[in-house]
Amino acid sequence: AEDLPAGVKAPVSQLLDVPVEWERAVAAVLGANISAFVVADVSVARQVMAHASVSEAPLTLIPLSAVGEPVVLAPVDAQVVGAASSVVRCLPEHQRVIDLLLGGAVLVRDNEAAFRIAPALGPGGCAVAPDGLVVHGDCRIVKPGRETGAALLAQERVWRSLPDKIQSALQVVQQLD
C-alpha cells in the first residue's frame with residue numbers, strides 16, 4: 001500500500017507509548033481501535049476507503065482534523081491511578097485522538113476498585129484494572145482473553161528502543177576494534 005494518499009498518519013498502536021504495567025489495560029480499552037488508522041482529514045479517509053488495496057478489508061479511520069475536544073474523566077479516589085489518556089505518551093498533535101479513544105477510561109489499581117468506581121462514571125465511562133478488566137459505567141463488564149492488543153503495544157515499545165540498542169552495540173564493536 002505504498003501508494004496510499006498523503007495524509008495517512010499511522011495506526012493508533014504506533015502513535016502512543018504505554019508504560020509496560022498498563023499495556024493490557026490500555027489495549028483492553030482501545031479494543032479494535034488499536035489498529036485504527038489516523039488520517040489527516042475526512043477527504044483522505046474517503047481516498048483510503050476507495051483504494052483498491054483496502055476495498056474489501058475492514059478498516060477504522062480517524063480523521064485528525066475532525067476530532068474535537070474530548071472529555072477526559074478523572075475522578076478522585078485513592079484507588080484511581082488517573083485517566084488512561086494521562087499515562088500514555090504521544091506527540092502533541094495526536095493527543096486529541098488519544099483523549100478521544102481513552103478519555104472515558106479511568107485506570108484503577110485492581111478489579112475490586114473497577115467494580116466499585118465504574119457505576120459513578122456513568123454511560124461512556126469505564127474503570128480499567130491492570131489485567132485489562134473493563135467495567136463500564138453502564139454496567140457492562142468485559143473480561144480480557146489471553147490475546148489482547150497488549151502484545152502489539154509491547155512490540156511497538158521494543159521497536160522504538162531498537163535504534164538506541166543498535167547504537168550501543170555499534171559503540172561496543174568500535175571499542176573492540
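Below, each value reflects all heavy atoms present in this structure, side chains not excepted, and no hydrogens, waters or symmetry copies. Please read these numbers as outputs of a predicted model, since none were measured by experiment.
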Check your understanding: Are V135 and L107 in one and the same hydrophobic cluster, where Ile, Leu, Val, Met, Phe, Trp and Tyr link if side-chain heavy atoms are under 4.5 Å apart?
Key -> no
Check your understanding: Is D99 reaching over with its side chain to a backbone N or O of L101, donor-acceptor style, under 3.5 angstrom?
Key -> no
Practice item. First locate atom CZ of R24, then atom CG of L133, and finally report the distance between them rounded to the nearest 0.5 Å. Key: 10.5 Å
Exercise for review: For A25 and A129, work out which heavy atoms get closest and say how close.
Suggested key: CB-O, 3.3 Å
Review point. Can you check whether V67's main-chain N or O pairs, donor with acceptor, with R96's side chain at less than 3.5 Å?
Key: yes
Exercise for review: Inspect the contact between D131 and K143 and indicate whether a charged nitrogen and a carboxylate oxygen are less than 4.0 angstrom apart.
Suggested key: no
Point to revise | Hydrophobic cluster identity match, V29 and V72, side-chain contacts under 4.5 Å | key: no
Check your understanding: So, do Q79 and D110 sit near enough that their side-chain heavy atoms are less than 4.5 Å apart?
Key -> yes
Check your understanding: Could you give the distance from CD (E23) to CG (L30), rounded to the nearest 0.5 Å?
Key -> 11.5 Å
Check your understanding: Can you tell me how far CD of Q14 sits from OG of S35, rounded to the nearest 0.5 angstrom?
Key -> 10.0 Å
Exercise for review: With rounding to the nearest 0.5 Å, note down the distance linking CG in L102 to CD in Q95.
Suggested key: 9.0 Å
Check your understanding: Does a side-chain heavy-atom distance below 4.5 Å link V81 with V108?
Key -> no
Practice item. Measure from the side-chain N and O atoms of D41 to the backbone N and O of V44, and report whether any donor-acceptor pair falls under 3.5 Å. Key: yes
Review point. Quick one: are N33 and V12 in side-chain contact, heavy atoms under 4.5 Å?
Key: no
**Study point:** Cluster overlap L91 with V88, hydrophobic side-chain contacts below 4.5 Å
**Key:** no
Check your understanding: Is there a side-chain contact between D77 and R116, using heavy atoms and a 4.5 Å cut-off?
Key -> yes
Exercise for review: Measure the spacing between NZ of K9 and CG of L15 and express it to the nearest 0.5 Å.
Suggested key: 10.0 Å
Check your understanding: CG/D17 to SG/C90 distance, rounded to the nearest 0.5 angstrom?
Key -> 9.5 Å
Exercise for review: Check whether V134 and F115 end up in the same hydrophobic cluster, where Ile, Leu, Val, Met, Phe, Trp and Tyr are linked by side-chain heavy atoms less than 4.5 Å apart.
Suggested key: no
Review point. Should V128 and V87 be counted in the same cluster of Ile, Leu, Val, Met, Phe, Trp and Tyr side chains packed under 4.5 Å apart?
Key: yes
Exercise for review: Carefully, step by step, assess M49 and L61 under the rule side chain to side chain contact (heavy atoms under 4.5 Å, CB included).
Suggested key: CA-CA 9 Å; M49 290 187 311; L61 301 168; 3.7 Å; yes
Point to revise | Residue pair V8 / F37, side-chain heavy-atom distance below 4.5 Å | key: yes
